[in-house]
Peer 1: 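Just dropping this structure here.
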Amino acid sequence: MPELPEVETIKRVIEPQIQGLVIDKVTVKRPEVVAYPAADEFCGLLTGQTISHMTRRGKFLIIWLNSNDRIILHLRMTGCLLLTPADYPEEKHTHIIFSLSNSMELRFSDTRRFGRFWLFRKDEADTYSGVEKLGIEPFYAELTAEYLNTHLGKRKKAVKECLLDQSAIAGIGNIYSDEILFTAGIYPARPANNLKIEDWERLAAVIPERLSYFIEVNRITPEDYLETKGQDYRNTPFLQVYGQESKPCPKCGETLCRIVVGGRGSVYCPVCQRDL
DNA sequence: CTCGTTTCCTGTTCGC
DNA sequence: TGCGAACAGGAAACGA
């Protein structure tokens, strides 16, 4: 489940290795993975194009071409991008292969097939992918207590659900919402309209701090990334609460609890994150 | 605008 | 040991 830190890691690993390469051929094995345009058109339009650079927006990756056409992709739950030699063993569930001019291949695999690709021409409006609906990037200066209070402070739903709302803040998923709320000392199921300005202030500070921390500890070399099939950089040793149910709280030693908030499993410390 | 529900998918875990 | 059921979850689509 790549969230902002993992997507940023993938960008940092892949981008330097594909810049300036030409896409010689595109093979789509699962047409439904290409959301727009039709898969054959997707292949046709990309063949022969040169890769300029990559950017990230929330959990989306954008591969820019010299023509200013752009590939947009979302990895969703199990999507994975891997740059491999052409003769490298193919991962199960590989759905798209970009054959590149240095005889390497950029491969997209996705067990659960939730991940999607879009391709937009230069100046073509993106009304499909959802990028346009995203809220602010967590590292932008606009992420202030005032912004959070204005956009989320009147909502009745749980603060955790608000953090997961991509149209408010882009890039936070289930793992890092739990981590952020733990660091901020806020109970995940607490209604957003119950938070005080001090709570929003803590969140405004903790959100970029936690995300940049996890990007930092995520650092991985291209060699290790390929070696581990793009799977083993997931911060597991650094998570304080996510997946740590019934283990002791790293701050106070109390046993961590698990509840379901908005349909998502949520782990928290009943002492450090008291319900008010 | 906001809310809850359903859908998409397969690998893993769980209960009997 | 083996089977089916439940679970995991990002985000769109839907109805209210």
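We use all heavy atoms of the structure for the numbers below, so side chains are in, but hydrogens, waters and symmetry mates are not.
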Peer 1: Are A:Glu32 and A:Arg113 ion-paired here, with the side-chain N under 4.0 Å from a carboxylate O?
Peer 2: yes
Peer 1: Could you check A:Asp24, A:Thr50, A:Ile23 and say which one makes a side-chain contact (heavy atoms from CB on, under 4.5 Å) with A:Ser101?
Peer 2: A:Asp24
Peer 1: Ring-plane angle category for A:Phe117 and A:Phe108, please: parallel below 30°, perpendicular beyond 60°, tilted otherwise.
Peer 2: perpendicular
Peer 1: Calculate the interatomic distance between A:Ile172 atom CD1 and C:dA11 atom C1'; express it in whole Å.
Peer 2: 15 Å
Peer 1: Is a side-chain N or O of A:Glu3 found less than 3.5 angstrom from the main chain of A:Asn174, in a donor-acceptor match?
Peer 2: yes
Peer 1: Take atom CG of A:Leu4 and atom P of C:dG10, then tell me their distance rounded to the nearest Å.
Peer 2: 13 Å
Peer 1: On DNA chain C, nearest-nucleotide positions of A:Ser129 versus A:Phe114: which is more 5'?
Peer 2: A:Phe114
Peer 1: Rounded to whole angstrom units, what separation is found between the CZ atom of A:Arg264 and the C1' atom of C:dA8?
Peer 2: 11 Å
Peer 1: Using whole Å, report how far CD of A:Glu132 lies from P of C:dA11.
Peer 2: 16 Å
Peer 1: Rounded to the nearest Å, what distance is computed from the CE atom of residue A:Met77 to the P atom of nucleotide C:dC7?
Peer 2: 15 Å
Peer 1: Rounding to a whole Å, what distance do you find between A:Gln166:CD and C:dA13:P?
Peer 2: 15 Å
Peer 1: Assess whether a salt bridge exists between A:Arg202 and A:Glu198, defined as any Lys/Arg side-chain N lying under 4.0 Å from an Asp/Glu carboxylate O.
Peer 2: no
Peer 1: So that I can tick it off, tell me whether A:Arg219 and A:Glu216 are bridged by a salt bridge, with the cut-off set at under 4.0 angstrom between side-chain N and carboxylate O.
Peer 2: yes
Peer 1: For A:Arg76 and A:Lys92, take the nucleotide of DNA chain B holding the closest heavy atom to each; which residue's nucleotide lies nearer the 5' end?
Peer 2: A:Arg76
Peer 1: Taking atom C1' of C:dG10 as reference, at what distance in whole Å does atom NZ of A:Lys160 sit?
Peer 2: 13 Å
Peer 1: Please determine if a side-chain N or O atom of A:Lys133 lies less than 4.0 Å away from the OP1 or OP2 oxygen of C:dA12.
Peer 2: no
Peer 1: Students should find this one: the first and last nucleotides of DNA chain B, 5' to 3', lying under 4.0 Å from a heavy atom of chain A. What are they?
Peer 2: B:dC3 to B:dG11
Peer 1: If hydrophobic clusters are built by linking Ile, Leu, Val, Met, Phe, Trp and Tyr wherever their side-chain heavy atoms come under 4.5 Å apart, do A:Trp64 and A:Val13 end up in the same one?
Peer 2: no
Peer 1: Can you tell me which stems DNA chain B forms, taking runs of 3 or more consecutive Watson-Crick or G-U pairs with both distances under 3.5 Å?
Peer 2: B:2-16 with C:2-16
Peer 1: What does A:Gly262 touch in the nucleic acid at a heavy-atom separation under 4.0 angstrom: a base, only the sugar-phosphate, or nothing?
Peer 2: nothing
Peer 1: What is the distance, rounded to the nearest whole Å, between atom CZ of A:Arg116 and atom C1' of C:dA11?
Peer 2: 11 Å
Peer 1: Please give me the minimum heavy-atom distance between A:Val159 and A:Tyr187, naming the atom from each residue.
Peer 2: CG1-O, 3.6 Å
Peer 1: Would A:Glu179 and A:Phe238 count as a side-chain contact (heavy atoms from CB on, under 4.5 Å) here? Give the steps.
Peer 2: CA-CA 10 Å; A:Glu179 296 296 316; A:Phe238 306 100; over 6 Å; no
